[in-house]
Amino acid sequence: MKHTFKIFRYDPAKERQPRYQEYQVEAEPTDKILDCLNRIRWEQDSSLTYRMSCAHGVCGSDAMRINGICALACQRLIKDYGEGPLLIEPLPQFPVLKDLLVDLTAFFEKYRGIWPYLLPDDPAPEKERLQSPEERMAFDEAIRCILCGCCTAACPILEDNQQFLGPAALLRAFRYLFDSRDRQKGKRMELLDDENAIWGCKTHGKCTEVCPKEIQVTQSLGRVKKKIYDSKKAP
Amino acid sequence: MKHDVVIIGSGIAGLRAAVELAAHADVAIVSKVFPTRSHSGAAQGGITAALGNEEEDRWEWHMFDTVKGSDFLGDQDAIEIMVRDAPRAIIELEHMGVPFSRTAEGTIAQRAFGGHTRDFGKAPVKRACYASDRTGRIILDTLFEQSIKAGVQCYAEFIMIDLLFNATRCVGVVLLELATGKIHAVHTRALLLATGGAGKIYKTTSNCFSNTGDALSIVLQKGLPLQDMECLQFHPTGIKGLGILMSEAARGEGGILLNRHGERFMERYAPVIKDLAPRDIVSRAIVREIREGNGVGGSDYVHLDLTALGPEKIKERLWEIASFATIYAGVDPVHEPVPVQPTCHYIMGGIPTDVDGRVLGADEHKPVPGLFAAGESSCVSVHGANRLGCNSLLDLVVFGRRAGKAILSSLQDGGVTHDKPDSPGSGRDTIEKLLAARGKERVPAIRRELQELMTDHCSVFRDHRGLETAQVKITELKHRYRDIGLSCRDRHFNLELIEALEGEHLLNCAEVIVLSALHRRESRGAHYREDYPERNDQDFLHHTLVATGSGGMEITTKPVQITRFKPVARTY
């Protein structure tokens, strides 16, 4: 069956204004949106630009806005959407470099800034550091994060405050703060105890709604807030 | 630009080498994609080591399994290094922060995997250390984060288009910057190739769009050899039609394969370890069942049944692959079997190296100064004719680290300076020619024909006639490639240009694969010739090397290193 794709096109190097271009694509209900974009590019318009790599929701390259909702193009199928044209746009809030391909520099800068690595202070034991299954499960969901950027693009706080770290970076901070092997929890909490860090989150919950890996992002950030709050309360 | 060391590829092998070098040298990573998008991240099931956390295990058993799994084509000196280093490598990853799943005692949890056995083949053993079913992704993330901590510079979205040499020494690399279309010559004292696989040669594959064999093809064009390229692994359980993997961990945790009669057919093909036989054996069994009309509904797939595992175990240990089945096949594996069929997954062959990542040249297999390789793009060879599941992540961290150490000692030798290349390389010409190309052929069409051709004639089963057909047609496709035309003229983010570069790499790799497969007139591991169904140690217990000589591509051979285990019949 033929489907209409209405796609955001913009090349800042050549064009003043973004525009929308329509394409007709033959597609099965079980085809991925990414399959359709590839078909357009390979058969109709080789200038259409976007990122992609693994094509099954593991690498996080092809986050974009499909019918107004941030998602991975390789994880959404034609049958997930109703009749009518499919509207394909770049992730909001990120500067467009070309068509659906956006600048992720600021996104990754924020991620780098939250110390995204284990900070153990004891000399490493000869064998593995012990961790109970319960301690390990405390952050199990958070390690599903693939840094695709859907949550951050969907976050309403960032619309008004670009200084806010955003849900993806904060979720990675959660992952290390709740890892029983990490020994710098005080320092981490100091880093996160800021209006542009954890307190920037006002629990809108958009991040959780769009997360392609079904992570309870908002709830996890809530646990960070509680931990910081409790640490101040304690004598 | 100048760096002491440049690493091409930001997967686990490249990152592990970078972390090893960061404190001692000016090291930069170059990647086609942002590092966390690298395809190491798609590895699901685990990473092997004889830790013995769940039950008794020994490195000797791990070594035997790997040798037997390789159908005795793996070099046993290299395999011994890998399996003996494995426990240290896993503990090191844990110390870096990898969140492995845990036993009740708090140690690293382990599970069964195909071909891994106790006591030299007596029964399956729990040897694969895992982090749910996201082991590759979480090791990739952890190593990338370690590279951030160590301050490694990264050029993301840059593509290698040529290597630079001064006489026989590799002295640099030519890169295309995707965001601008600019060409950069980077002068190096050591260059590490870690670009991964070439699965995009096939129609259905677990590989990502970037796995186009770039380093293999470029090395070949420089007159260096490729080794054992006929040895390609087809993973038995890709989701039907898509190639997305249902991890072998599904069977390690108790899943079974069923044909249309509901029969657990692996009992007939591997009576001792059944569904946990190595991948080549399971893939052949599935294709045989399909050929004999035992595919589900008489069609071209079988069922992977996980319904006995229960929702808790699936949620805890196989969440991600369960989500793949739900999203892409519309099947909830808690309640229904998943339709699967073999899919192109991994290339055991690659750029020949010694056990320290030094690339070996065509000239008496001597190391090429300044050039190193690791990971799937290399061939050490630890996987021989068939890799065991979870041995690839181990290969990446063990030999990535060893390459890093060897590079460091080569830098410390002092004699290695930034030599000037003999020529600026063909990179700029290549790009200008492609951007100006107005021919009538289109890259996507050529690529699609190649993928169909290789799938039809050079897959799980092969024979002389099919391989010869493939050879003739690849030559035709290469001829047609010379007449390609591009319609996008942009220099910045030109996907058509990138795919044109990759298309040539795919053709080059396919040509070598078919030539090597024609040469090996026997069946060994994943290379199965229907016209020569037996292994023939007398004539073919050797590695295949293909290099471009004066008269086109030439085949030579190299003996296999056999230390502890003499070849015996391979039954499970």
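The sequence lines fix the lettering, A, B, ..., with proteins before strands; numbering per chain opens at 1.
Both the backbone and the side chain of A:Ser61 come within contact range of chain B, judged by heavy atoms closer than 4.5 Å. Using a 4.5 Å cut-off between heavy atoms, B:Ala104 contacts chain A through its backbone alone, with no side-chain atom that close. Contact of B:His95 with chain A is made through backbone and side chain together, with heavy-atom distances under 4.5 Å. With a threshold of 4.5 angstrom between heavy atoms, B:Phe144 approaches chain A through side-chain atoms but not through N, CA, C or O. In this structure, chain B has a heavy atom under 4.5 Å from the side chain of A:Asp11, while its backbone stays farther away. Only the side chain of B:Ile138 comes within contact range of chain A, judged by heavy atoms closer than 4.5 Å. Looking at B:Arg447, the atoms closer than 4.5 Å to chain A (heavy atoms on both sides) all sit in the side chain, from C-beta outward. B:Ser101 touches chain A through backbone and side chain together, each having a heavy atom under 4.5 Å away. Heavy atoms of B:Asn53 lying under 4.5 Å from chain A belong exclusively to its side chain. Interface residue A:Glu126: only backbone heavy atoms are found under 4.5 Å from chain B. For A:Ile143, the parts lying under 4.5 angstrom from a heavy atom of chain B are both the backbone and the side chain. With a 4.5 Å cut-off on non-hydrogen atoms, B:Glu92 does not touch chain A at all. For chain B, the nearby parts of A:Leu147 are the backbone and the side chain; heavy atoms of each come within less than 4.5 Å.
Counting only residues at least two apart or in different chains, ring pair (Phe, Tyr, Trp, His ring centres under 6.0 Å) contacts with residues 18-61 of chain A comprise A:Phe8-A:Tyr20, A:His56-B:Phe324.
At a threshold of 4.0 Å, the pair B:Glu145-A:Arg175 does not count as salt-bridged, since none of the basic side-chain nitrogens sits closer than that to a carboxylate oxygen. Using a 4.0 Å cut-off between a side-chain N of Lys or Arg and a carboxylate O of Asp or Glu, A:Glu134 and B:Arg102 do not qualify as a salt bridge.
At most 12 heavy atoms of other shown residues, nucleotides or ligands fall within 6.0 angstrom of atom CD in B:Glu312. Within 6.0 Å of the NZ atom in B:Lys313, the count of heavy atoms belonging to other residues, nucleotides or ligands exceeds 12. Heavy-atom contacts from other residues, nucleotides or ligands closer than 6.0 Å to NZ of A:Lys6 number 12 or fewer.
Note that CD of B:Glu316 and CZ of A:Arg136 are 8.5 Å apart. Values are rounded to the nearest 0.5 Å. Note: A:Leu118 CG to B:Glu94 CD = 8.0 Å, rounded to the nearest 0.5 Å. Within the model, atoms CZ of A:Arg51 and CZ of B:Phe493 stand 5.5 Å from one another, a figure rounded to the nearest 0.5 Å. Between A:Lys32 atom NZ and B:Leu242 atom CG the span is 5.5 Å, to the nearest 0.5 Å. Distance check: B:Leu495 CG to A:Asn38 CG gives 9.0 Å after rounding to the nearest 0.5 Å. For the atom pair A:Cys54 SG and B:Arg37 CZ, the distance stands at 9.5 Å (nearest 0.5 Å).
Side-chain contact between A:Arg181 and B:Pro99: present, with at least one pair of heavy atoms (C-beta onward) separated by less than 4.5 Å.
Contact count versus chain B (heavy atoms, under 4.5 Å) is highest, among A:Lys98, A:Arg172, A:Lys213, for A:Lys98. Ranked by heavy-atom pairs shorter than 4.5 Å toward chain B, the options A:Lys127, A:Met52, A:Gln131, A:Arg144 are led by A:Arg144. When each of A:Cys74, A:Gly57, A:Ala13, A:Ala55 is checked for heavy-atom pairs under 4.5 Å with chain B, A:Cys74 comes out on top. Highest contact tally toward chain A, considering only B:Val33, B:Asp141, B:Thr36, B:Asp490, is held by B:Asp490 [criterion: heavy-atom pairs under 4.5 Å]. By number of non-hydrogen pairs under 4.5 angstrom with chain B, the leading residue of A:Ala124, A:Cys59, A:Cys145, A:Pro125 is A:Cys59. The greatest number of non-hydrogen atom pairs below 4.5 Å with chain B, out of A:Lys14, A:Met137, A:Glu135, A:Arg76, is found for A:Lys14.
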**Request:** List the steps and the verdict of side-chain contact (heavy atoms from CB on, under 4.5 Å) for B:Thr107 and A:Glu128.
**Result:** CA-CA 7 Å; B:Thr107 58; A:Glu128 64 263 56; 3.2 Å; yes
**Prompt:** What do the steps show when you test A:Asp140 against B:Arg134 for side-chain contact (heavy atoms from CB on, under 4.5 Å), and what is the final call?
**Reply:** CA-CA 11 Å; A:Asp140 187 57; B:Arg134 293 182 293 283; 3.8 Å; yes
**Message:** Quick one, B:Phe34 with A:Leu104, criterion side-chain contact (heavy atoms from CB on, under 4.5 Å). Give me CA distance, side-chain angles, the key distance, then yes/no.
**Reply:** CA-CA 10 Å; B:Phe34 190 80; A:Leu104 295 166; 5.9 Å; no
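Checked by atom type and distance alone, the side chain of B:Arg137 pairs as donor or acceptor with a backbone atom of A:Ile146 at under 3.5 Å. No side-chain donor-acceptor contact under 3.5 Å links B:Lys149 to the backbone of A:Tyr117.
The shortest non-hydrogen separation linking A:Ser46 to B:Glu496 is OG-OE1, 3.0 Å. Between A:Val58 and B:Gly41, the shortest heavy-atom contact is CG1-O, 3.3 Å. In terms of heavy-atom proximity, B:Cys208 sits nearest to A:Ser53 at CB-O, 3.3 Å.
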